[in-house]
Peer 1: 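Right, I'll just put the structure down here and ask away after.
One-based numbering along the sequence shown.
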Amino acid sequence: MAYPSSSHREEPAPAPAPEEATRDWAELPRDALLTVLHKLGHVDILMGVAQVCGPWARAAREEPELWRRVDLRLHGRRLITPRRINSMAREAVRRGAGQCQAFWAEGALDQSVISLLGDTSALSLKSLRLISCDWIYDTPLALTITKFTLLEELELSNYRADFPKTCTAAGKACPLLKRLRLSSERFVKHSQVPADGEAAAIATTMPGLRSLQLFAKRLTNGGLTAILDGCPLLESLDIRHCFNIVMNDELCARCSLVEMLRHPHDPTDDYDLEFSSPDMDYPWVRMTPQTEYYDEWEFSSR
């Protein structure tokens, strides 16, 4: 039997250079490290970066630029405990060092976080978006919102209750407010419950509003007409799932002046939040489910 000559044998791959085999990520230049951190979500930074190494943790803690636009939305992440999400939010606000321009959060946030935001970032905050933060209530939020005089965008979505006092306070204290989003998780047809409180607040205090989304809210034709009268600069209006509104000829004519209009029965394929099918018959009482929380990483503010 013939054997192949040794000249045709496959040579072993060369060993990697020492610097490639043992790259020390802690030695990244500061600007390169900040570029990496900017690409991470704030939830990942708060709950994971501290475990990488000391330099990463220090950069995440000491660079206010990272925290000018805070995004603590969950994006489908498994639920985080209320204690943990509030600790993360307070830490994010503190790291912003009074320079926070946008604060977006989702989950069991409480009023203490918004109060801290008002104490530290009142003169810089331009965008506030709160989603499913059922521990934040209308009256205390109305008191705090008056501090954010530079606010241009406000979102209060998937709440159990309405926010007429907050809308009134924001309209009076925030003359730069251009975008407002008030969304419910489910439309419920309460025939005997007043439903135009938020609409009245918007109509009487927000003449400079450009974009308004009212999803699954219980306002009536009268409330919408008041908004159209009080917000003459409105360019975008979304009233999908607002089934108390009847788009008759008169109202359609009034709405025709709005450049981008979404009707109550328009498709919701592009709607970006969770919602339930409407309840057109009976009052709906939202029950708190038995929820099991998970912490995916160990939070550290060290």
Side-chain angles (χ1 to χ4, degrees), residues 24-133 135-136 140-141 143-157 174 293-302:
D24 188 355
W25 291 97
E27 299 301 323
L28 277 178
R30 181 69 172 232
D31 57 346
L33 177 54
L34 291 177
T35 298
V36 173
L37 292 176
H38 271 293
K39 294 182 180 295
L40 296 176
H42 289 102
V43 174
D44 294 330
I45 293 175
L46 286 165
M47 302 186 75
V49 164
Q51 299 183 24
V52 177
C53 58
W56 284 56
R58 285 192 297 273
R61 184 179 64 246
E62 298 171 359
E63 183 49 64
E65 173 65 27
L66 286 172
W67 307 96
R68 288 188 179 177
R69 303 190 66 85
V70 174
D71 186 352
L72 298 178
R73 292 174 296 172
L74 299 180
H75 297 294
R77 185 189 305 274
R78 291 184 299 172
L79 294 178
I80 303 172
T81 60
R83 180 185 63 83
R84 186 63 54 86
I85 192 66
N86 281 280
S87 295
M88 289 166 50
R90 284 190 288 269
E91 183 65 19
V93 172
R94 284 191 288 264
R95 293 184 184 188
Q99 300 179 33
C100 184
Q101 297 178 1
F103 185 84
W104 304 348
E106 179 181 3
L109 212 67
D110 62 36
Q111 181 61 35
S112 68
V113 176
I114 307 304
S115 297
L116 179 62
L117 192 64
D119 293 338
T120 60
S121 301
L123 299 180
S124 61
L125 194 72
K126 297 181 179 180
S127 175
L128 178 62
R129 300 177 62 186
L130 303 174
I131 302 169
S132 300
C133 300
W135 292 5
I136 294 176
L141 182 58
L143 296 175
T144 305
I145 205 83
T146 59
K147 298 181 179 182
F148 305 130
T149 56
L150 298 182
L151 200 67
E152 299 176 5
E153 177 182 38
L154 175 62
E155 175 179 355
L156 302 169
S157 287
C174 310
Y293 291 95
Y294 298 89
D295 292 327
E296 294 183 335
W297 299 279
E298 183 66 24
F299 166 63
S300 173
S301 60
R302 294 175 295 175

Peer 1: About how many Å separate CZ of Arg90 and CG of Asp110, when rounded to the nearest 0.5 Å?
Peer 2: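 One gets 6.0 Å once the value is rounded to the nearest 0.5 Å.
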Peer 1: Which value, rounded to the nearest 0.5 Å, describes the distance between Leu154 atom CG and Ile145 atom CD1?
Peer 2: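 That separation rounds to 5.0 Å.
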Peer 1: Closest approach of Trp135 and Pro82, non-hydrogen atoms and distance?
Peer 2: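 Heavy-atom minimum between the residues: CH2-CB, 3.5 Å.
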Peer 1: Any side-chain heavy atom of Leu66 sitting closer than 4.5 Å to one from Arg95?
Peer 2: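 Result no, sub-4.5 Å side-chain heavy-atom pair not found.
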Peer 1: Which atom names give the shortest non-hydrogen contact between Ser127 and Trp104, and what distance separates them?
Peer 2: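 Heavy-atom minimum between the residues: OG-NE1, 2.9 Å.
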Peer 1: Rounded to the nearest 0.5 Å, how far does CG of Leu74 lie from CD1 of Ile131?
Peer 2: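 Answer for the CD1-CG pair, Ile131 versus Leu74, is 9.0 Å.
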Peer 1: Evaluate the criterion side chain to side chain contact (heavy atoms under 4.5 Å, CB included) for residue pair Leu109 and Leu72; output intermediate values, then yes/no.
Peer 2: CA-CA 10 Å; Leu109 212 67; Leu72 298 178; 5.6 Å; no
Peer 1: I need the minimum non-hydrogen distance between Gln111 and Ile136, along with the two atoms involved.
Peer 2: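 Between these two residues, the closest heavy atoms are OE1-CG2, 3.7 Å.
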Peer 1: Who are the side-chain contact (heavy atoms from CB on, under 4.5 Å) partners of Ala122, not counting sequence neighbours?
Peer 2: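 Listed in chain order: Lys147.
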Peer 1: For Gln99 and Arg68, test the side chains for any donor-to-acceptor distance below 3.5 angstrom and give the result as yes or no.
Peer 2: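 Their side chains do contain a donor-acceptor pair, which is all the 3.5 Å distance test asks for.
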Peer 1: Locate the shortest heavy-atom distance separating Leu117 from Phe148; write the atom from each residue and the value.
Peer 2: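 Minimum heavy-atom contact is O-CE2, 3.8 Å.
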Peer 1: Sequence neighbours excluded, which residues qualify as side-chain contact (heavy atoms from CB on, under 4.5 Å) partners of Ser124?
Peer 2: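 Residues passing side-chain contact (heavy atoms from CB on, under 4.5 Å) with Ser124: Ser121.
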Peer 1: Start with the C-alpha gap between Cys100 and Val70, add the side-chain angles, then the distance that decides, and say whether side chain to side chain contact (heavy atoms under 4.5 Å, CB included) holds.
Peer 2: CA-CA 7 Å; Cys100 184; Val70 174; 4.2 Å; yes
Peer 1: For Val113 and Ala89, work out which heavy atoms get closest and say how close.
Peer 2: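 In this case the closest contact between Val113 and Ala89 is CG1-CB, 3.7 Å.
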Peer 1: Could you measure the distance from the CD atom of Glu153 to the NZ atom of Lys126? Nearest 0.5 Å is fine.
Peer 2: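 Answer rounded to 0.5 Å: 12.5 Å.
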Peer 1: Would you name the heavy atoms of Thr144 and Gly118 that are closest together and state the gap between them?
Peer 2: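 It is CG2-CA, 4.4 Å.
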Peer 1: For Arg129, is there an ion pair with Glu155 - N to carboxylate O distance below 4.0 angstrom?
Peer 2: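 Result for this pair is yes, salt bridge flagged.
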Peer 1: For the atom pair CG (Leu125) and OG1 (Thr149), what is the distance rounded to the nearest 0.5 Å?
Peer 2: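 Output value for this atom pair is 10.0 Å.
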Peer 1: List the steps and the verdict of side chain to side chain contact (heavy atoms under 4.5 Å, CB included) for Val43 and Met88.
Peer 2: CA-CA 8 Å; Val43 174; Met88 289 166 50; 3.8 Å; yes
Peer 1: Mind checking the OG1-CZ spacing from Thr81 to Arg83? Nearest 0.5 Å is all I need.
Peer 2: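 One gets 5.0 Å once the value is rounded to the nearest 0.5 Å.
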